[in-house]
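Here the structure is laid out as structure tokens; the discussion comes afterwards.
Chain A is the first sequence line, chain B the second, and so forth, proteins listed ahead of strands; every chain is numbered from 1. Scope of the values below: all heavy atoms of this structure, side chains included, with no hydrogens, waters or symmetry mates.
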Amino acid sequence: MANKRSIEIMVGVFIAVGLVALFFLSMKVSNLSSMAGGEGYPVIARFDNIGSLKVRSPVTMAGVRIGRVSAIDFDLEVYDAVVTMSVDSRYNTIPDDTFAKIFTAGLLGEQYIGLDPGGSEHYLKAGDQIQLTQSALVLEEIIGQFLFSKAEEGSSE
Amino acid sequence: MTSDTEPLVKIRGLRFFRGERAIFDGVDIDITRGSITAIMGPSGTGKTTLLKLISGQLRPQGGTIEVNGQNIHQLSRRALYRLRIRMGMLFQSGALLTDVSVFDNVAYPLQEHAHLPPSMIRKLVMLKLEAVGLRGARDLMPSALSGGMARRVALARAIALDPMMIMYDEPFTGQDPISLGVLVQLIRALNDASRLTSIIVSHDVQETTEIADYIYVISDGRVIDHGPPDAMMHSDAPWTGQFMRGLANGPVPFHYPAPGLEQDLLGA
Amino acid sequence: MLEQLARLGRVGISILAHIGRGNILLFHILGGIGDIVVRPRLLIQQLYSVGVLSMLIISVSGTFVGMVLALQGYYTLSQFGAEQSLGVVVAASLVRELGPVVAALLFAGRAGSALTAEIGLMKATEQLSGLEMMAVDPIRRILTPRFLAGVISMPLLAALFSALGIMGGYFVGVGLLGVDDGAFWSQMQSKIDLHEDIYNGVIKSFVFGWICSWIALFQGYDAVPTSEGVSRATTRTVVHSSLAVLGIDFILTALMFGG
């Protein structure tokens, strides 16, 4: 009888350890925790070009992650990208004249949205739209512009 | 439907092939209720196969086997299992479950099929173990048993559900004289006490003739001879005589077929 | 020429017959699941011998694989100045590939071979026939609980392998090589996706558990009932399971991450 009992206990331990490992993988390793903390409110921003921004890319303010991109749509009427961000509800005092830019982490890194706070006394609410945006820097365009301006300089001399 | 005079097992025209080789080719056997019938023959004649055919573990290519009036190979799976509850089988190795104790081995069929309270099962197991004289060994594991004891435990397990027949597969092989005597006595006693029908498959002539009521001798896929033990022992038929009296030479030659000895020694 | 063709045909037929017997056995095994609900004790016993007894080898291997991944990954990544991504490299390779695959290979070697040997020996010692003569279906009573135990244990073991591997990688990367603690976890969390990586890893290990248990039980049940036959069957279990796991892993990876 004692033997049966110890087998049952060991099997219990095995299943518990396995489930804890799964839980660890889900919570600690994957992005579930940052998603689950998603008691966030949606904010919309329009960009001419979002570069390689993706759903779930981080949204930061002063380098601190305060939310993430929850959806990216394309507006067929004005031909720009509509990015919906989910901002953590703890950060509920973001001025409504905040400036949203798309940055690149490092030269080749992933892209994210950085928010620069404005000075307004009104705060962004759920569903509001950020008016001031700056598109992603697309490397090819920058190089193109650089070469173009060099060529112009050369021809004007 | 079935009267008492009708044989319990009725085999007609049994044909069974393993690949190209014919194991049985037209075998007819009747096994009378309440008797001990022995099926004898040299090693490799498929005696164990015959038991597997009777119990429905193998399917013959031709012929019929009726047990208690039911054609074994036309039964549904469920009906076959119901019938097997009433058949016991003693395997050569005992076939005890190696990871549970003697008690649990004997209790196993009861727990599976008889919906009895545990205290009742305990009593029945004790009675069955008492019948084979191993009540004291109930807590041993099968690995701690000698071959003869393992066979007796297996016998207790085979009779746990009070079957109508028991099949013994080579019960006397590899036993020391004492456990041999015990087994012979047990088989006889069980048969007489509980009105069982027993089928013994064996090639041990002496022990088998001692307890059998009727003997069939099989060789090369056929029944060569059959009759009561006395008649068989003094049979004039050359083959039966050779087998029953254990002579080295006879219709079954001592030499495996070969070209002449001179040819093999001098030829190459 | 004709002889060659005939030989090819014979091989083909025997392979088909083999697969057919395997599938019949699988259906028969699955048919016994209802019995397990009635007698959960059978399953617990098998979870012990299949799962609990595999925990040690899985834990130790997982930890070391994670440590090696961190070492190797660190040297490659540091050449691009991307040591911060070490957490991602370790976690992604473990969760997506190494966890399910290596755990399945170890499972085939540890638990699969034991299952084959056990079933093969039960066959050789006539225990399976004995059960059948007691009107107990040996497949439902003996094989089904073992199969279920394998299918249930495998994802848990793979998760354990990955989790300990990540801890091992953390120990080497952060503890010994000086990667930033915060970067290790945050990079990992931003790159590893619950659905895409973790769920798919679990699905993989579930499939591997199914395949490995099936092969092990089939080889045992189909073994030639002699000591030589059982030892051959045990070897076949390990070889077939390993090949099947690697092959199916390729297909699953292509399906899950390819598109």
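Nearest approach of B:Tyr81 to C:Val136, heavy atoms of both residues: CE2-C, 3.8 Å. When all heavy atoms are compared, the tightest approach of C:Glu126 to B:Asp169 is OE2-OD2, 4.2 Å.
Enclosure of atom CE in B:Met141 by more than 12 non-hydrogen atoms of other residues, nucleotides or ligands within 6.0 angstrom is indicated. Heavy-atom contacts from other residues, nucleotides or ligands closer than 6.0 Å to CZ of C:Arg10 number more than 12. Atom CZ of C:Phe64 has 12 or fewer heavy atoms from other residues, nucleotides or ligands within 6.0 Å. Within 6.0 Å of CZ in B:Arg188 there are more than 12 heavy atoms belonging to other residues, nucleotides or ligands.
By the salt bridge (charged side-chain N to carboxylate O under 4.0 Å, His left out) test, B:Lys47 is found to be paired with B:Glu170, residues two or more places apart in sequence or in another chain being considered.
The distance from atom OG of C:Ser129 to atom CE of B:Met89, rounded to the nearest 0.5 Å, is 7.5 Å. To the nearest 0.5 Å, atom CG of residue B:Asp99 and atom CD of residue C:Gln127 are 7.0 Å apart.
For residues 102-116 of chain B, the set of pairs meeting the salt bridge (charged side-chain N to carboxylate O under 4.0 Å, His left out) definition, not counting sequence neighbours, comprises B:Glu112-C:Arg39, B:Glu112-C:Arg141.
If you measure heavy-atom distances from C:Leu128 to chain B, you find no contacts under 4.5 Å at all. Contact annotation for B:Leu161: neither backbone nor side-chain heavy atoms come within less than 4.5 Å of a heavy atom of chain C.
The candidate from B:Arg82, B:His113, B:Met87, B:Met167 with the greatest count of non-hydrogen atom pairs under 4.5 Å with chain C is B:His113.
A heavy-atom distance below 4.5 Å is not found between the side chains of C:Met122 and B:Thr98.
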